[in-house]
Amino acid sequence: MAIFEYAPAPESRDVVDLQPSYGLFINGEFTDGSGPSFKTINPATEEPLAEIAAATSDDVDRAVQAARKAFGVWSALPGAERAKYLFRIARIIQERARELAVLESLDNGKPIRESRDVDVPLVAAHFFYYAGWADKLAYAGFGTKALGVAGQVIPWNFPLLMLAWKIAPALACGNTVVLKPAETTPLTALLFADICRQADLPPGVVNIVTGAGETGAAVVAHPDVNKVAFTGSTEVGRIIARTVAGTGKKLTLELGGKAANIVFEDAAIDQAVEGIVNGIFFNQGHVCCAGSRLLVQESIRDELLEALKRRMGTLRVGDPLDKNTDVGAINSADQLAKIRELSEIGESEGAERWSPACELPERGFWFPPTVFTGVAQSHTIARDEIFGPVLSVLTFRTPAEAVEKANNTPYGLSAGIWTEKGSRILWMADQLRAGVIWANTFNKFDPASPFGGYKESGYGREGGLLGLEAYLDG
């Protein structure tokens, strides 16, 4: 029994000045869209937040033309001058951090603690980092010539962070941008448009077009787009790759994942449990690189699972704007339906399902933190990306078996290794076919570190020095 009564600590919504409706951001101005508008809603309450303009192919064409016109001026600026704009944007993001964090949690459903302490600081850090590269491109090794107009399509799980990952290196290299945010989470991108105006960024350098899949397809297929960057599902990634094939456009894809979080018997159990919880329940499991497969050495299976379940019992599910919340709302009704469907398939195929006792709110889209044990590699939940707070537990006996099971997936985005032996970490990292491998930690990101995958997790890298390559013509 708890000694103290639980006391909510809600963040104020008043720091955000929500407009009833938002237009497209083209050539430095907000403008009406030609398509039918749509509502973006708060996934925690299902209340409409704002009316959003939908861009048609004609609107996308206007945005690309604005970006093409601005490209001549922007790319001709000395790198140090472009850097000043990026530094200015980074500082404004820091100044408006609370506003951005609240808006992100309202629109996405993620806990304010994560928006405030992870997403927004990393967004500012990416702009600071690439501002530093803008006048040093000659030393990066990828040439100094910008490509032109970058068409960028981003997902709903980290709306503002994915924007930063794409826009910051593109601008540093001298490109201009047409960005399409996810249909369910456009609000922080539109606030970023306002930040671009506040930073006096030249009109047309950044354009933001909102809408559904048809809008993104129009951005990708536009003949005057020189570079396409996409983060999202593998299924859509394949469509984009086919669209771009033979056009001469540069392409980077950051797609799905089914990461293995591998715990050896000599690992620090409590530390590993924190890493497992962070790996799968951070952002409700809406993470491409989530540690959704737990591979635990057979000798410590029972001990680890007992500690994990005990820790899961302390997770607080609920209001994303409560600073005490650990697990927020699922982003949409469609995503919740997918998580439920795959979880039911897991049970029907013989895996054992467990969730801690937790009271879910009556309104909104919610799913409790869930663990499946007795999972075989043939089970659907061990193969398919669930993209929710659902962990599948498998066991292994030897390091070689752990590698074989970890690599037995069409994906290859990330992995985690938990052991006290440095030599084992290095051996495992060499064997695992994954783009990002964490040792005795998980979900750690840094703007100086490249991120990306292999196989069906995509190709190309974002972040770090390698993040410049996709936006330069060597």
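On a predicted model such as this, the values are computed, not experimentally measured, just so you know. Quick note: residue numbers are just sequence positions, from 1. The basis for the numbers below is simple: all heavy atoms, side chains too, and nothing from hydrogens, waters or symmetry mates.
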Q.
Evaluate Trp156 against Asn108 for side-chain hydrogen bond (donor to acceptor under 3.5 Å, both in side chains), listing each step before the verdict.
A. CA-CA 7 Å; Trp156 47 260; Asn108 171 277; over 6 Å; no

Is the number of heavy atoms from other residues, nucleotides or ligands under 6.0 Å of [X] [atom1] greater than 12?
X      : atom1 : answer
Lys39  : NZ    : no
Glu347 : CD    : yes
Asp117 : CG    : yes
Arg197 : CZ    : yes

Q | Lys444 charged N/C atom sitting above Trp438 aromatic ring, 6.0 Å / 45° | A | no

Q: For Lys166 and Thr231, run side-chain hydrogen bond (donor to acceptor under 3.5 Å, both in side chains): C-alpha distance rounded to whole Å, both residues' side-chain angles, the deciding distance at 0.1 Å, then the answer.
A: CA-CA 10 Å; Lys166 293 191 168 36; Thr231 297; 2.6 Å; yes

(Q) Between the side chains of Arg113 and Asp326, is the shortest nitrogen-to-carboxylate-oxygen separation below 4.0 Å, so that they form an ion pair? (A) yes

(Q) As a quick check of understanding, evaluate side-chain hydrogen bond (donor to acceptor under 3.5 Å, both in side chains) for Gln198 and Arg96, giving each step before the final call. (A) CA-CA 11 Å; Gln198 191 180 343; Arg96 301 180 69 172; 2.7 Å; yes

Expected output: side-chain [X] to main-chain [Y] donor-acceptor under 3.5 Å:
X      : Y      : result
Arg461 : Phe451 : no
Asn207 : Val177 : yes
Asn261 : Leu294 : no

Q) Going from OG1 on Thr409 to NZ on Lys258, what distance comes out if it is rounded to the nearest 0.5 angstrom? A) 8.0 Å

[Y] versus [X], side-chain donor and acceptor atoms under 3.5 Å:
X      : Y      : answer
Thr188 : Glu104 : yes
Thr185 : Asn331 : no
Asp59  : Ser34  : yes
Thr184 : Ser332 : no

Q. Taking the six-membered ring for Trp, is the centroid-to-centroid distance between Phe127 and Phe192 below 6.0 Å?
A. yes

Q) For the rings on Trp74 and Tyr85, is their centre-to-centre separation under 6.0 Å? A) yes

Q: With side-chain hydrogen bond (donor to acceptor under 3.5 Å, both in side chains) as the test, would you mind laying out the steps for Lys227 and Thr252 before giving the verdict?
A: CA-CA 8 Å; Lys227 149 79 185 170; Thr252 50; 2.7 Å; yes

